[in-house]
There are 2 protein chains.
Amino acid sequence: MKPKISDVAKVAGVSPTTVSRVLNNRGYIGEKTRKKVEEAMKQLNYFPNDVARSLFIKKTFLIGVIFPTTTNPFYGQLIFHIENIAASLGYKILLCNSQGQEDKERSYLRMLQRNQVDGIIAGAHNRGVKEYDIPTLPVVGVDRYLSGNIPVVSSDNYDGGRQATQLLINKGCENIIHINGPILLETPANLRRKAYEDVMRDNQLTPITYETEGNNQAVIKQLFDENPQVDSIFASDDLIASAVMREAKIRKRNIPSDFKVIGYDGTETTRLLLPELSTIQQPIREIAEKTIEILIKEINEEGDSQMETILPVRLIEGETT
Amino acid sequence: MKPKISDVAKVAGVSPTTVSRVLNNRGYIGEKTRKKVEEAMKQLNYFPNDVARSLFIKKTFLIGVIFPTTTNPFYGQLIFHIENIAASLGYKILLCNSQGQEDKERSYLRMLQRNQVDGIIAGAHNRGVKEYDIPTLPVVGVDRYLSGNIPVVSSDNYDGGRQATQLLINKGCENIIHINGPILLETPANLRRKAYEDVMRDNQLTPITYETEGNNQAVIKQLFDENPQVDSIFASDDLIASAVMREAKIRKRNIPSDFKVIGYDGTETTRLLLPELSTIQQPIREIAEKTIEILIKEINEEGDSQMETILPVRLIEGETT
DNA sequence: AATTATATGTCATCCGGTTGACATGTGAAA
DNA sequence: TTTCACATGTCAACCGGATGACATATAATT
């Protein structure tokens, strides 16, 4: 059986209270007894039981993290930073891949509450999950409006969309089409599209948008078929941009002379695998930092943070524009 | 304050024991009381406290997962599947990104033990962390030997290395160079290299291997400089393969006519971003399934599973070979 | 009428650690 | 000599829920 505080006390020849004092640095402890206790812990290979501790102090140092999937390089990188920063602050991550399914998201929320997490970071992509409104449980959204009174951290999607569109226009494109994933009205990411439409109209151009969910390739084929005159595409993420490049090559469109593509996200993985792709890079690390900062402030009840945090994006000009 | 069982009992007009009986489906419960209790739980927004429950039943349904980083597409995808399968079995994931640092790995191990995880899945890349030998705590390694008595699950790295090398030879290559990440003697992944060397020698060819850690591009440049006659490269993962392709293009080597590349892993992300790359695809989902299967068997003490599980890989011939 | 399966309540104990109250015993400073 | 900071022990209560023992009561069977 695992050793407990009383076992350590026995071996060290002290009282359980003294062991607890050593563990928590409370009250007076003599140097020799502290040594004795520490040696006893080592000898028994004792680890304090954080479950018992959490029960009493009513704090678990657990943060629930809900995103669609770590398979996606953007979320993978974001979660990496979140976990990393959280760990440096003594918090641990309970990972949830909601896969964009509302029911999963709901059941994860229940699970996290049963596990008494101190807070939740959510960037899943479902609408209508109102259960996020949990009084007494701090929640922060990433790139997603979860509810009226939940803070959101995102990058400057409008500016990103603007820069991408403007770049294509500056390069002389006139038939620019936007393609994005499933529309999520409550998502700041939709501002990318809004910016695209605004910039297009400001330049007397007609915005055309295609949506894809899952099967990118089919939608892209359709897009090319229906718009033979298309000279450039602004894709709402790099994965879609990559699929566009692929289709363009099949159609013998020469990039960038004949046809231009710009993506969105600029993750480490994309930069490694597709360095030539022009893209709008999100400040993933900074998003993670800000998100945790706000969440922990909420957890510690240190006044309310601002409801919306918008971080700057960066245009990376590659060889596809 | 959060409602507890006794609050539910009061509202439902029953005893706490009865609520617990409803919660755990034990003993006799009448239909009407069950309804009453369930309604009271709904009304109070009651969630059972799993921390308290875990303390008593001495089981947390938590699995600690230690890998270098979710940023890497292979680990990102593997962790996705692990979490996914675990969730379907009622287990939750405590995520740890060790970043290949021994000290982090050690402190994560301590953290996981304090949190009373039921088991650990580790695929980090450090040698010398002997702390994995924890009696009473089930551990399974992925693509990594952690200790003599810890089961490992991996894909058939030797066969993958063999197939990759053989393919290049079949295509007429003679100056094939292998490039891999940091050497880890205790890692089954090293079998890729071993297979490469064996196949080369079997074909009267001289194996040459380069190692890279972190700065791929510099090592690759050096490789090309020192071996102008190189006609193909077998990279130990797709990210390195991508960097090789990039350098080859800079050096005006035409792929695949003049120069061939084959990678390793074949993750979803790589397939999307670099579909033309030939690669050896690992059965990531199956690795996750088998790993959890073995871990849970260990947790439930259902006899010992086999110490080494090797799953088949698949050659994907793209346009780079 | 006796038996039994069903239904619910009371009560105490346990899980492992934390904490406050209080007692006791040093040795050093006032 | 008194006072006090330092050091450690004992004890009980508590965190929220699980569980076993035992009592009681109703309704259905025999």
Side-chain angles (χ1 to χ4, degrees), chain A residues 1-38 40-41 44-62 110-118 136-137, chain B residues 1-41 44-62 110-111 113-118 136-137:
Chain A
M1 209 64 281
K2 283 180 196 162
K4 49 176 104 168
I5 269 197
S6 59
D7 298 319
V8 176
K10 254 175 232 155
V11 171
V14 299
S15 77
T17 306
T18 301
V19 176
S20 175
R21 284 189 183 121
V22 171
L23 239 28
N24 298 289
N25 263 312
R26 283 183 53 250
Y28 296 114
I29 314 124
E31 260 321 297
K32 318 115 221 166
T33 30
R34 161 167 276 134
K35 282 260 161 60
K36 273 195 301 181
V37 170
E38 277 164 1
M41 296 195 306
L44 290 173
N45 208 330
Y46 170 78
F47 287 88
N49 184 327
D50 272 356
V51 172
R53 182 160 206 276
S54 293
L55 178 60
F56 186 84
I57 66 175
K58 290 166 174 290
K59 168 143 192 171
T60 55
F61 287 94
L62 281 174
R110 280 196 298 276
M111 181 275 274
L112 294 175
Q113 288 184 76
R114 295 176 59 128
N115 279 274
Q116 314 295 117
V117 295
D118 292 341
T136 78
L137 181 51
Chain B
M1 208 64 279
K2 283 180 197 163
K4 49 177 103 170
I5 269 196
S6 58
D7 298 319
V8 176
K10 254 174 232 158
V11 171
V14 299
S15 77
T17 306
T18 302
V19 177
S20 175
R21 284 188 183 121
V22 171
L23 240 28
N24 299 289
N25 264 312
R26 284 182 53 250
Y28 297 113
I29 314 123
E31 261 320 298
K32 319 113 221 167
T33 31
R34 161 169 276 136
K35 282 260 161 61
K36 276 196 297 178
V37 170
E38 276 164 1
E39 266 158 38
M41 297 196 304
L44 291 173
N45 207 329
Y46 170 79
F47 288 87
N49 184 327
D50 272 358
V51 172
R53 181 158 207 279
S54 293
L55 179 59
F56 186 83
I57 66 174
K58 289 166 174 290
K59 169 143 190 172
T60 56
F61 288 94
L62 280 174
R110 280 196 299 275
M111 181 275 273
Q113 287 184 78
R114 296 176 58 130
N115 279 276
Q116 314 295 119
V117 295
D118 292 341
T136 78
L137 181 51

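So you know, we letter chains A, B, ... as the sequences are listed, proteins then strands, and number each from 1. In this text, all values refer to a predicted model and were calculated from it rather than measured experimentally.
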- Query: Hey, does V14(B) reach any base, or is it just sugar-phosphate, or nothing, if we go heavy atoms under 4.0 Å?
  - Reply: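 Sugar-phosphate only.
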
- Task: Select base, sugar-phosphate, or nothing to describe what T33(B) touches, counting heavy atoms under 4.0 Å on all strands.
- Result: sugar-phosphate

- May I ask you to test the R34(A)-N25(A) pair for a side-chain heavy-atom distance under 4.5 Å? yes

- Task: Check whether any side-chain heavy atom of N24(B) sits under 4.5 Å from a side-chain heavy atom of R53(B), and report yes or no.
- Result: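 Yes - at least one pair of side-chain heavy atoms lies under 4.5 Å apart.
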
Can you figure out which of [options] approaches the side chain of [X] most closely?
X      : options                   : result
I57(B) : dC15(D), dA18(D), dG17(C) : dA18(D)
R53(B) : dT18(C), dA18(D), dC15(C) : dA18(D)
I29(A) : dG20(D), dT8(D), dG16(D)  : dT8(D)
R21(B) : dG17(D), dC15(D), dA21(D) : dA21(D)
A52(A) : dG9(D), dG16(C), dA18(D)  : dG16(C)
I5(B)  : dG9(D), dG17(D), dT18(C)  : dG17(D)
S15(B) : dG16(D), dG9(C), dC15(C)  : dG9(C)

- Message: On DNA chain D, does the nearest nucleotide to P3(B) precede the nearest nucleotide to K32(A) from the 5' side, or the other way round? Give the residue.
- Response: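 Between the two, 5'-proximity favours K32(A).
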
Grab the two heavy atoms, one from [X] and one from [Y], that are nearest each other, plus how far apart they are.
X       : Y       : value
F61(B)  : D118(B) : N-OD2, 2.6 Å
N115(A) : V51(B)  : O-CG2, 4.0 Å
A40(A)  : V11(A)  : CB-CG1, 3.7 Å
R21(B)  : Y28(B)  : CD-O, 4.4 Å
Q116(A) : T60(A)  : O-OG1, 2.8 Å

- Task: Report yes if a donor N or O on one partner sits less than 3.5 Å from an acceptor N or O on the other, where the partners are the side chain of S54(B) and the base of dC15(C); otherwise report no.
- Result: no

- Base dG20(D) to side chain R26(B), donor-acceptor N/O within 3.5 Å cut-off: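 Side chain to base: no pair present.
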
Rounded to whole Å, how long is the line connecting atom [atom1] of [X] with atom [atom2] of [N]?
X       : N       : atom1 : atom2 : value
L55(B)  : dC14(C) : CG    : P     : 14 Å
K36(A)  : dG9(D)  : NZ    : C1'   : 12 Å
K58(B)  : dT19(D) : NZ    : P     : 13 Å
R114(B) : dG17(C) : CZ    : C1'   : 11 Å
F47(A)  : dG16(C) : CZ    : C1'   : 16 Å
N24(A)  : dT18(C) : CG    : P     : 5 Å
K59(B)  : dG16(C) : NZ    : P     : 16 Å
N49(B)  : dC14(D) : CG    : P     : 18 Å

- Item | Greater than 12 external heavy atoms within 6.0 Å of K59(A)'s NZ | yes

[N] phosphate, OP1 or OP2: any side-chain N/O from [X] under 4.0 angstrom?
X      : N       : answer
S20(A) : dG17(C) : no
Y28(B) : dT6(C)  : yes
T17(A) : dG9(D)  : no
K2(B)  : dC15(D) : no

- Angle, rounded to 10°, between the helical axes spanning five pairs at each terminus of the helix from dA1(C)-dT30(D) to dA30(C)-dT1(D)? 40°

- Query: What is the distance from atom CD of E38(A) to atom CG of L23(A), rounded to the nearest 0.5 Å?
  - Reply: 9.5 Å

